[in-house]
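Working notes, structure below.
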There are 2 protein chains.
Amino acid sequence: MSYKFDESQPIYLQLIEIFKTNIANGTWKAGEKIDSVRNLALDFAVNPNTVQRALVELENIGLAYSQRTSGRFITQNQELTRNLKHEMAENKTRDFVKQMQAIDIEQKAILDLVQRCLSLEE
Amino acid sequence: MSYKFDESQPIYLQLIEIFKTNIANGTWKAGEKIDSVRNLALDFAVNPNTVQRALVELENIGLAYSQRTSGRFITQNQELTRNLKHEMAENKTRDFVKQMQAIDIEQKAILDLVQRCLSLEE
DNA sequence: ATTATTGTATTAATCTATTAATACAAGATG
DNA sequence: CATCTTGTATTAATAGATTAATACAATAAT
């Protein structure tokens, strides 16, 4: 694995984002077992406590649960994982539009930019 | 003024973003004088050193310059301020699209979301 | 039964962002 | 000339994120 972390943000927050992304895009499926804290820490080359902190957050929002000795799992609740994807998509869109409007980009120009960016990848 | 800062990122980085936004959207025009470090610090309710740090960054990328005792100014170079707007717009678009693709949203869905978000504000 | 692996908890150390308190230099202002 | 306002620099203190080194509890694996 081995990610590059952004220096401008705490690693545990970036881990949360990565984990949520894994759930949203189906890399981590509902009910599936997650790799152990220690292994994840090795993969991401960070301290186990940092991973632990991010995973506890994931539990707090109901996306995962842990079983003391058998490991940690993604929630069985497929409703939740599906919602996550939509929520993330809508939040990111809202943020994006807000930022574009803050620098005074017109509606049509926003759509054009997105379209152009998408068409670069076909 | 008085902004709410995000706890997930250093304030000086958020200040840089705010200042760049001010330039990009024309709030701070090319050649104009900026408020003093001390006043900005009061406005944003942060330490003068934090403002100073952000402003030095602004100078490093050529968007501002300081005159020892008369104050600090936005660059006279209108080319630069115009470019800033375009660069920011393109970067934000690229980031946005990347994030949306990371959570497995299809091209058409991305455009739909943006369009829906924009139409909510007319 | 023993061992290995799991999550969890604790405590100290380190590093960095921020605050805070100043001081200095230089030009503008009165 | 004296004072005020600039930007700038320095140093110490504080707060929070991260690392580090362990230890414990419970259960799965052997």
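The sequence lines fix the lettering, A, B, ..., with proteins before strands; numbering per chain opens at 1.
- At the phosphate of D/dG7, neither OP1 nor OP2 sits under 4.0 Å from any side-chain N or O atom of B/Gln67.
- Both A/Val46 and B/Asp35 lie close to DNA chain D; mapped to their nearest nucleotides by heavy-atom distance, the more 5′-ward contact belongs to B/Asp35.
- Rounded to whole Å, atom C1' of C/dT16 lies 16 Å from atom CG of A/Leu13.
- Checking C/dT8, C/dG27, D/dA26 against the side-chain heavy atoms of A/Glu59 singles out C/dT8 as nearest.
- Atom CD of A/Glu57 and atom P of D/dT18 are 12 Å apart (whole Å).
- Between C/dG7, C/dG27, C/dA17, one nucleotide has an atom nearer to the side chain of A/Ser36 than all others, and that is C/dG7.
- Between the C1' atom of C/dG27 and the NZ atom of B/Lys33 lies a distance of 11 Å, rounded to the nearest Å.
- Phosphate proximity of D/dT8 to B/Arg72: present, with a side-chain N or O under 4.0 Å from OP1 or OP2.
- The separation between A/Asn47 atom CG and D/dT22 atom P is 13 Å, rounded to whole Å.
- Of the candidate nucleotides C/dA9, C/dT8, D/dT18, D/dT18 has the atom lying nearest to any side-chain atom of A/Tyr12.
- Close to C/dT19, at under 4.0 Å from its OP1 or OP2, lies a side-chain N or O of B/Thr50.
- One atom, CZ of A/Arg53, and another, P of D/dG16, lie 11 Å apart when rounded to the nearest Å.
- Salt-bridge formation is detected for the pair B/Lys92/B/Glu17: a Lys NZ or Arg NE/NH1/NH2 atom is positioned less than 4.0 Å from an Asp or Glu carboxylate oxygen.
- Applying the 4.0 Å criterion to OP1 and OP2 of D/dT6, one finds that B/Ser66 has every side-chain N and O outside that range.
- Taking atom CZ of residue B/Phe5 and atom P of nucleotide D/dG16, one finds them 17 Å apart after rounding to whole Å.
- The shortest non-hydrogen separation linking B/Ile110 to B/Met100 is CD1-CB, 3.8 Å.
- Residue contacts for B/Ser70: at a heavy-atom cut-off of 4.0 Å it reaches no nucleic acid atom on any strand shown.
- Remark: C1' of D/dT6 and CG of B/Leu40 are 13 Å apart, rounded to the nearest angstrom.
- Separating the CG atom of A/Leu42 from the C1' atom of D/dA20 is a distance of 14 Å, rounded to the nearest angstrom.
- The closest side-chain donor-acceptor pair between B/Gln52 and B/Tyr12, if any, does not fall under 3.5 angstrom.
- Mapping B/Asn49 and B/Ile34 onto DNA chain D via the closest heavy atom, the residue that lands nearer the 5' end is B/Ile34.
- Aromatic ring pairs are classed by plane angle as parallel below 30°, tilted from 30° to 60° and perpendicular above 60°; the pair B/Phe96 and A/Phe96 is parallel.
- Ranking D/dA17, C/dG27, D/dA26 by closeness to the A/Arg68 side chain, first place goes to D/dA26.
- In this structure, the nucleotide among C/dT6, D/dT18, D/dA25 sitting nearest to the side chain of A/Arg38 is C/dT6.
- Using a 4.0 Å cut-off between charged side-chain N and carboxylate O, A/Asp112 and A/Arg116 make no salt bridge.
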